[in-house]
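Just below is one structure, and these are the notes that go with it.
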Amino acid sequence: MESYTQQCKMARTTLGMADDAAEVPQHLCCQITWSPLVDPVVTPAGISYERQILLEHLDRGNRFEPVTREPLEASQLYPNKMLVDAVDAYIEEHPDIFFAAI
């Protein structure tokens with residue numbers, strides 16, 4: 001009798017799904033939630049976050065950059081176009097992994 005893990009792996013292969021061990025690379029994930037980035041913004045410190053998550057952080061009165069703790073305002077955020085391109089390329093190659101992680 002096959003183990004549960006083997007059965008799951010076989011089912012995922014049959015359905016064309018990502019392996020349990022497959023993960024979105026860390027550089028394509030938000031530094032707050034560790035979820036894949038969809039609309040990344042970059043701070044003056046050079047750290048990227050998901051726009052909505054960082055704006056919610058700032059709206060709660062946290063006027064600082066979450067990692068460096070440097071003062072931060074919403075007006076200092078800029079779209080991270082290079083990261084958008086990297087995420088798009090990753091989605092093209094690994095859509096099953098990316099969308100399973102969202």
Side-chain angles (χ1 to χ4, degrees):
M1 182 171 190
E2 293 181 80
S3 74
Y4 176 76
T5 304
Q6 290 171 327
Q7 289 175 352
C8 288
K9 192 172 228 174
M10 187 168 50
R12 286 181 163 286
T13 301
T14 302
L15 296 173
M17 297 171 68
D19 190 348
D20 285 334
E23 292 183 4
V24 176
Q26 282 187 354
H27 70 280
L28 300 180
C29 295
C30 176
Q31 296 294 306
I32 297 172
T33 64
W34 293 107
S35 296
L37 292 163
V38 177
D39 184 17
V41 292
V42 64
T43 65
I47 300 173
S48 294
Y49 300 91
E50 181 62 30
R51 179 187 306 273
Q52 180 180 354
I53 301 299
L54 189 53
L55 289 176
E56 288 172 5
H57 167 81
L58 294 172
D59 287 345
R60 286 191 299 268
N62 301 312
R63 300 288 177 207
F64 57 87
E65 210 267 13
V67 172
T68 66
R69 302 286 194 195
E70 294 174 10
L72 181 66
E73 298 293 327
S75 62
Q76 295 175 288
L77 305 178
Y78 293 95
N80 189 332
K81 304 278 188 191
M82 288 179 46
L83 201 49
V84 169
D85 291 343
V87 168
D88 288 346
Y90 186 82
I91 290 172
E92 284 183 29
E93 291 182 31
H94 309 283
D96 51 338
I97 297 170
F98 185 83
F99 291 112
I102 291 181

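Values reported hereafter were calculated over all heavy atoms of this structure, with side chains retained and with hydrogens, waters and symmetry mates removed.
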### Task
Would you mind listing every side chain to side chain donor-acceptor pair (under 3.5 Å) that reaches into residues 69-83, with sequence neighbours excluded?
Ser48-Asn80
### Message
Please say yes or no: joined through hydrophobic side-chain contacts below 4.5 Å, possibly via intermediate residues, are Val41 and Ile47 part of one cluster?
### Response
yes
### Contacts of type ring pair (Phe, Tyr, Trp, His ring centres under 6.0 Å), residue Phe64, not counting sequence neighbours
His57
### Task
Is it possible for you to say whether Leu72 and Val42 belong to one hydrophobic cluster, with membership spreading through side-chain heavy-atom contacts below 4.5 Å?
no
### Summary
Sorted by chain and residue number, the side chain to side chain contact (heavy atoms under 4.5 Å, CB included) partners of Ala74 (sequence neighbours excluded) come out as Leu55, Leu58
### Query
Taking all non-hydrogen atoms of both residues, which atom of Leu37 and which atom of Val87 are closest, and how far apart?
O-CG1, 3.5 Å
### Side chain proximity check, Pro66 to Leu54, heavy atoms < 4.5 angstrom
yes
### Query
Can you pull the ring-ring contact (aromatic ring centres under 6.0 Å, His included) pairs that have at least one residue in residues 24-53, sequence neighbours excluded?
none
### Query
Linking I/L/V/M/F/W/Y whenever any side-chain heavy atoms sit under 4.5 Å apart, do Tyr90 and Leu83 land together?
yes
### Message
Quick check on the hydrophobic clustering: are Ile53 and Val67 connected, directly or via other members, by side-chain heavy-atom contacts under 4.5 Å?
### Response
yes
### Query
Which pairs with one or both residues in residues 49-61 pass salt bridge (charged side-chain N to carboxylate O under 4.0 Å, His left out), sequence neighbours excluded?
Asp39-Arg51
### Query
Within a strict 4.5 Å, meaning less than it, do heavy atoms of the Thr68 and Thr43 side chains meet?
no
### Query
What's the shortest heavy-atom distance between Cys30 and Thr33, and which atoms?
CB-OG1, 3.4 Å
